[in-house]
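All heavy atoms count here, side chains included; hydrogens, waters and symmetry mates do not.
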Amino acid sequence: MTNQNVFVPEMGGMAAVAGSAPLYPSLPPRSCGSAAVSASLGGGGISLKKRCLSHLEMSGARLNSWMESMKASSPTHAKAAAVFSSIDDERTSWMRKHPSALGKFEQIISASKGKQIVMFLDYDGTLSPIVDDPDMAFMSESMRGAVRDVARYFPTAIVTGRCRDKVFEFVKLAELYYAGSHGMDIQVPKYKKSKVKGDLFQPASEFLPMIDQVYKALVEKTKSTPGAKVENNKFCVSVHFRCVDEKLWSNLFGQVNTVMKDFPSLRLTQGRKVLEIRPPIKWDKGKALEFLLESLGFADCDDVLPVYIGDDRTDEDAFKVLRNRGQGIGILVSKSPKETKAAYSLQEPAEVMDFLQRLVEWKQLTLNGTPEL
């Protein structure tokens, strides 16, 4: 791999990480023992820097640290507006490092010359707006059309923390690749050619009964907290606190912590106004990206340009993979400056749709013989 295809304005180049053997020569069994999972996926936990804990015994300073983290990553609209108005200089500096993918569209297209673009798209906050009720996060027909058009020209995958079946109900496009539960439930379209065996990859199958137990326990435990919503995403459980009064956040976290004490092997992570419980395997959206590139036959190719668009902390795992590969483009969807491994930015789903439409228009022009940008 070379690093010429990763654009990181004012941040220097990235060293390439080359690999000689296929990452995933074949799909592992849908159900396997914990030892096998640990061996095949690397085992281990995840660093505290990512705010993930394998054993939760929260009190005092550690609880306060989690609460501050929840507040910092999930500001109210009023607070966000106040912060935004007071950090114009910071935003200007941030935009220099992570310029608009629309403003730098020609630069991105230039990087794709002679390469196959592969699109990876988060769902919530990227293809649909963030809403109070996660069951109502519908994408617009115009966005669906833009994604459908992109998939006609480029392999396209939805990579989400949502249950795969649920996100398919939202997107309704059978020609896409779907990676649900942060990549722990991947489905390849049956009519697509793949370098791996089978059309379904579920590295955490053995944890399904435990995840179901946690879901039921959390529903019962959190029902006394107004606004809390527990969502079963099949291979992980989400506890949404977007509609919970901030004064009750510590109470809600205490309830989650109490349940987690009965499942010490599971991991607790945090996203945008959501706490998520995951199986203890080394798997995330970055691993899902690598798996999908492998299944498409692009694991060790120089003629591919992965483009990943996402808005959440969990998407940083994919952005990091692109940087480490020295190949690909990460685009963060955010109106506010935040620490990210992405090279470019877009402000909201409407800009994501504009970017996708421009990508399709460019491809159509090149196929019609019009010179490339």
> Measuring from atom SG of Cys301 to atom CG of Leu296, what distance do you get when rounded to the nearest 0.5 angstrom?
10.0 Å
> Is Ile186 reachable from Leu208 through a run of I, L, V, M, F, W or Y residues, each pair having side-chain heavy atoms under 4.5 Å apart?
yes
> What is the minimum heavy-atom distance between Pro129 and Ala137, and which atoms define it?
O-CB, 4.4 Å
> Is Ser140 reaching over with its side chain to a backbone N or O of Met143, donor-acceptor style, under 3.5 angstrom?
yes
> Starting from Val150, can I reach Leu102 by hopping between I/L/V/M/F/W/Y residues whose side chains sit under 4.5 Å apart?
yes
> Ile108 and Tyr153: same hydrophobic cluster, using ILVMFWY side-chain contacts below 4.5 Å?
yes
> Could you pull out the closest heavy-atom pair between Leu292 and Ala179, with the gap in Å?
CD1-CB, 4.5 Å
> Between the side chain of Thr156 and the main-chain N/O of Leu176, is any donor-acceptor distance below 3.5 Å?
no
> For the pair Lys285 and Asp315, find out whether any cationic side-chain nitrogen is under 4.0 Å from an anionic carboxylate oxygen.
yes
> For the side chain of Ser93 and the backbone of Glu90, is there at least one donor-acceptor N/O pair under 3.5 Å apart?
no
> Compare all side-chain heavy atoms of Trp94 with those of Thr340 and state whether any distance is below 4.5 angstrom.
yes
> So if you build clusters from Ile, Leu, Val, Met, Phe, Trp, Tyr with side-chain heavy-atom gaps below 4.5 Å, do Tyr344 and Phe154 land together?
yes
> Could you walk me through whether Met119 and Leu359 pass the side-chain contact (heavy atoms from CB on, under 4.5 Å) test, one step at a time?
CA-CA 11 Å; Met119 296 298 301; Leu359 199 59; 3.7 Å; yes
> Would you mind reporting whether Gln116 and Pro155 have side-chain heavy atoms less than 4.5 Å apart?
yes
> Quick check for you: to the nearest 0.5 Å, what is the distance between Ser265 atom OG and Ile281 atom CD1?
11.5 Å
> Using a 6.0 Å cut-off, check whether atom NZ of Lys338 has over 12 heavy atoms from anything other than its own residue.
yes
> In Å, rounded to the nearest 0.5 Å, how long is the span from CD1 of Ile277 to OG of Ser238?
7.5 Å
> Any side-chain heavy atom of Leu322 sitting closer than 4.5 Å to one from Pro306?
yes
> Would you find a donor on one side and an acceptor on the other, under 3.5 Å apart, between the side chain of Tyr123 and the backbone of Met139?
yes
> Grab the two heavy atoms, one from Ile331 and one from Ala101, that are nearest each other, plus how far apart they are.
CD1-CB, 3.8 Å
> Check whether any side-chain N or O of His240 sits under 3.5 Å from a backbone N or O of Glu231 as a donor-acceptor pair, and report yes or no.
no
> Of the non-hydrogen atoms in Pro349 and Leu127, which two are nearest, and what is the gap between them?
CB-C, 4.4 Å
> Please test Arg152 against Asp149 for salt bridge (charged side-chain N to carboxylate O under 4.0 Å, His left out), starting from the C-alpha separation and ending with a verdict.
CA-CA 5 Å; Arg152 287 174 181 164; Asp149 290 342; 2.9 Å; yes
> Show your working on salt bridge (charged side-chain N to carboxylate O under 4.0 Å, His left out) between Asp354 and Arg358 and close with a plain yes or no.
CA-CA 6 Å; Asp354 288 346; Arg358 287 191 64 179; over 6 Å; no
> Decide yes or no for Thr269 and His182: does some side-chain heavy atom of the first lie under 4.5 Å from some side-chain heavy atom of the second?
no
> List the steps, then state whether side-chain contact (heavy atoms from CB on, under 4.5 Å) holds for Val244 with Thr225.
CA-CA 7 Å; Val244 176; Thr225 301; 3.9 Å; yes
> So does Gly254 get a backbone contact from the side chain of Thr258, meaning a donor-acceptor N/O pair under 3.5 Å?
yes
> For the pair Tyr178 and Phe168, name the ring-plane relationship: parallel under 30°, tilted 30 to 60°, perpendicular over 60°.
perpendicular
> So does Val304 get a backbone contact from the side chain of Gln327, meaning a donor-acceptor N/O pair under 3.5 Å?
yes
> Report the residues that fulfil salt bridge (charged side-chain N to carboxylate O under 4.0 Å, His left out) with Asp124, sequence neighbours left out, ordered by chain and then residue number.
Arg162
> What distance separates Lys166 NZ from Phe170 CZ, expressed to the nearest 0.5 Å?
4.5 Å
> Please work out whether the ring planes of Phe241 and Trp249 are parallel, tilted or perpendicular, with thresholds of 30° and 60°.
perpendicular
> Do Val131 and Val167 belong together in a cluster built from hydrophobic side chains that touch within less than 4.5 Å?
no
> How far apart are the closest heavy atoms of Lys229 and Asp133, and which atoms are they?
CE-OD1, 3.6 Å
> Considering only heavy atoms from C-beta outward, does the side chain of Leu266 approach that of Met210 to under 4.5 Å?
yes
> Any non-hydrogen side-chain atom of Lys363 less than 4.5 Å from a side-chain atom of Ile117?
no
> Asp311: what forms a side-chain hydrogen bond (donor to acceptor under 3.5 Å, both in side chains) with it, not counting sequence neighbours?
Arg272
> Quick one, Leu275 with Leu268, criterion side-chain contact (heavy atoms from CB on, under 4.5 Å). Give me CA distance, side-chain angles, the key distance, then yes/no.
CA-CA 7 Å; Leu275 297 172; Leu268 178 64; 4.0 Å; yes
> Would you confirm whether Arg164, through its side chain, and Met184, through its main-chain N or O, come within 3.5 Å as a donor-acceptor pair?
no
> Where does the angle between the aromatic ring planes of Phe201 and Phe291 fall among parallel (under 30°), tilted (30 to 60°) and perpendicular (over 60°)?
parallel
> Out of curiosity, Asp89 CG to Arg91 CZ, how far, rounded to the nearest 0.5 Å?
12.5 Å
> Do Phe235 and Phe207 make the cut of ring centroids closer than 6.0 angstrom?
no
> Find out whether Tyr177 and Pro189 are in side-chain contact, i.e. whether some heavy atom of one side chain is under 4.5 Å from a heavy atom of the other.
yes
> Less than 4.5 Å apart, any side-chain heavy atom of Val147 and any of Leu356?
yes
> Looking only at side-chain N and O atoms, does Gln255 offer a donor or acceptor that is under 3.5 Å from a partner on Ser224?
yes
> Can you say whether the rings of Tyr308 and Phe319 are parallel (under 30°), tilted (30 to 60°) or perpendicular (over 60°)?
perpendicular
> Whether Arg144 and Glu141 form a salt bridge (side-chain N of Lys/Arg under 4.0 Å from carboxylate O of Asp/Glu) is what I want to check.
yes
> Give the intermediate values and the outcome of side-chain contact (heavy atoms from CB on, under 4.5 Å) for residues Trp362 and Ser112.
CA-CA 11 Å; Trp362 161 77; Ser112 73; 3.7 Å; yes
> Rounded to the nearest 0.5 Å, what separation is found between the CD1 atom of Ile211 and the CG atom of Asn233?
10.0 Å
> When you measure from the side chain of Arg148 to the backbone of Glu175, do you find a donor-acceptor pair of N or O atoms at a distance under 3.5 Å?
no
> Looking only at non-hydrogen atoms, find the nearest pair between Cys236 and Gly161 and report the distance.
SG-O, 3.7 Å
> Are Lys320 and Asp317 ion-paired here, with the side-chain N under 4.0 Å from a carboxylate O?
no
